[in-house]
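Report on one structure; see the data block that follows.
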Amino acid sequence: MMRTRPLKVALLGCGVVGSEVARIMTTHADDLAARIGAPVELAGVAVRRPSKVREGIAPELVTTDATALVKRGDLDVVVEVIGGIEPARTLITTAFEHGASVVSANKALLAQDGAALHAAADEHGRDLYYEAAVAGAIPLIRPLRESLAGDKINRVMGIVNGTTNFILDKMDSTGAGYQEALDEATALGYAEADPTADVEGFDAAAKAAILAGIAFHTRVRLDDVYREGMTEVTAADFASAKEMGCTIKLLAICERAADGGSVTARVHPAMIPLSHPLASVRGAYNAVFVESDAAGQLMFYGPGAGGAPTASAVLGDLVAVCRNKLNGATGPGESAYAALPVSPMGDVVTRYHISLDVADKPGVLAQVATVFAEHGVSIDTVRQQGKDGEASLVVVTHRASDASLTGTVEALRSLDTVRGVASIMRVEGE
């Protein structure tokens, strides 16, 4: 039997995502009520510019006083889509204190202060859901913390930023340079006017922190995630990747150590074999590859950003939180019981592709090979091309630690025959 008294929902932010949330709440009101067991009512919308016309939202619902809105005391759910650290953090904790559960899409805040927010939700007996914070419309958070709760996850690797994937895909498919591909992404609306958060990996690093925390039942903060942007990737790197049967993606990688005693989380460009499922992810799409003991290999794929896709994830959380409210229960909170240490990047073991500019004369290869051997880095393949006294030497290693590779490169730079290190790129997915 459906309850007739509506559940009251406040919306913090009414931009691209927030306006879609409000639209779906209105146009799908009957379906949402049937799925929840009670109608949902948009009780207020906090915005910065109240004069802007917002189609489908009654003007009397709009306010610039977000604090007063979340303090009303009659709200059941607060949906936060304003982003950033403050005032979002204070508004969320205030909502908990005044009786409301929270649905958020705020990856930066959750990566930085997720533990404190979960603690505040638990203290007040409220829900904190955030499916929309990672990979847009792709159902990922709930499968990791609910569907796979009985399994042991060993690795989560994925493309979690659509802007960077569009740029790299364009460079791969057309031979365009980085700036040319970025300009096209900006013109098409895939990149912000200031793309730093995307192209330098900050956005993906926040998502990696959230994914690692859930997957490994360990608190992983943004500061724990190694981050390397993709602005230095060149057309020459793609040419080298193609010679190896690879492409290049900006990957978020969260791994459990082989002995199970620690975890790592990192974001960086990497060569990935064309045979790997992530290699075929094109345009602005996202995909996340999960490896676990029992389920094996799983891949989640779909649009990772945009108003309607992200709103879909928000509404899914809203339905779940409202159902919990009606049942007098709360959903899963933070699971950090494992408390595994987060290892530094130097401990990470992977393969490497190193391109060197060297003198074209006898003995160079032997010198370079000796340096690799002295640092305990095993060489898989070497390719050398030379002309007019100059040459390029491409070395692909077997698996080695980041620390040992760093030492190797420092030693290589000291050789008189090595003119420079053109590029270093990790090789993943093998």
Side-chain angles (χ1 to χ4, degrees), residues 7 9-36 39-42 44-49 52-58 61-62 77-84 88 102-108 110 129-143 158-167 169 185-193 195 197-198 203-204 206-207 210 281-288 299-322:
L7 294 163
V9 179
L11 184 59
L12 306 182
C14 198
V16 173
V17 176
S19 59
E20 281 296 309
V21 171
R23 181 188 67 79
I24 295 172
M25 284 183 63
T26 302
T27 59
H28 295 180
D30 291 342
D31 285 338
L32 290 173
R35 294 166 191 172
I36 292 169
V40 288
E41 172 190 319
L42 187 59
V45 181
V47 300
R48 286 184 297 178
R49 296 188 296 275
K52 181 180 177 180
V53 176
R54 293 172 173 84
E55 187 177 349
I57 298 176
L61 294 179
V62 178
V77 185
V78 169
V79 175
E80 183 272 311
V81 287
I82 56 177
V102 172
V103 172
S104 176
N106 195 331
K107 54 189 172 287
L110 288 158
Y129 275 49
Y130 43 92
E131 184 69 63
V134 179
I138 304 172
L140 184 59
I141 301 297
R142 192 172 289 112
I159 298 161
V160 294
N161 183 278
T163 299
T164 55
N165 199 59
F166 178 89
I167 293 169
D169 182 42
T186 304
L188 293 172
Y190 291 126
E192 302 286 347
D198 294 323
D203 175 84
K207 295 170 182 176
I210 295 169
V281 178
R282 311 304 297 267
Y285 274 72
N286 285 192
V288 177
M299 192 166 95
F300 302 83
Y301 170 84
T310 305
S312 171
V314 170
L315 268 294
D317 278 351
L318 179 63
V319 169
V321 170
C322 286

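Every value quoted in this text rests on a predicted model; they were computed, and no experiment measured them.
In this structure, CG in L61 is found 11.5 Å from CZ in R54, a value given to the nearest 0.5 Å. Rounding to the nearest 0.5 angstrom, the gap separating the OG1 atom in T186 from the CD1 atom in I167 is 7.0 Å. Expressed to the nearest 0.5 Å, how far CG of D198 lies from CG of N161 amounts to 4.0 Å. The line from CG of L7 to CG of L32 is 11.0 Å long, rounded to the nearest 0.5 Å.
Listed by chain and residue number, D169 satisfy the salt bridge (charged side-chain N to carboxylate O under 4.0 Å, His left out) test with R282 (two or more places apart in sequence, or in another chain). Residues satisfying the ring pair (Phe, Tyr, Trp, His ring centres under 6.0 Å) criterion with F300, sequence neighbours excluded, are absent altogether.
When every heavy atom of L42 is checked against every heavy atom of A22, the shortest pair comes out as CD2-CB, 4.1 Å. What you find for V47 and C14 is that their closest heavy atoms are CG1-CB, 3.7 Å. Between A191 and T163, the closest heavy-atom pair is CB-CG2, 3.7 Å. Nearest heavy-atom pair, G56 versus T26, reported as atom, atom and distance to 0.1 Å: O-OG1, 4.4 Å. Scanning both residues, L318 and V9, for their nearest heavy atoms gives CD1-CG2, 3.9 Å. Closest heavy-atom contact between A320 and Y129: CB-CE2, 3.7 Å.
The shortest distance between side-chain heavy atoms of C322 and V77 falls below 4.5 Å. Residues M25 and L11 have side chains not in contact (no heavy-atom distance under 4.5 Å, counting atoms from C-beta outward).
No more than 12 heavy-atom neighbours from other residues, nucleotides or ligands sit within 6.0 angstrom of OH on Y285. Atom OH of Y130 sits in a crowded spot, with more than 12 heavy atoms from other residues, nucleotides or ligands closer than 6.0 Å.
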Full working for side-chain contact (heavy atoms from CB on, under 4.5 Å) between N106 and E80: CA-CA 7 Å; N106 195 331; E80 183 272 311; 3.1 Å; yes
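Counting only residues at least two apart or on different chains, no salt bridge (charged side-chain N to carboxylate O under 4.0 Å, His left out) pair has a member in residues 131-140. The list of side-chain hydrogen bond (donor to acceptor under 3.5 Å, both in side chains) pairs with a residue in residues 15-25, not counting sequence neighbours, reads E20-R23.
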Compile the donor-acceptor pairs under 3.5 Å between side chains in residues 301-315 and protein atoms, sequence neighbours left out, one pair per line.
| residue | atom | partner | partner atom | Å |
| --- | --- | --- | --- | --- |
| T310 | OG1 | G306 | O | 2.8 |

Determine all donor-acceptor pairs shorter than 3.5 Å in which one atom belongs to a side chain in residues 133-142; sequence neighbours excluded.
| residue | atom | partner | partner atom | Å |
| --- | --- | --- | --- | --- |
| R142 | NH2 | D317 | OD1 | 2.7 |

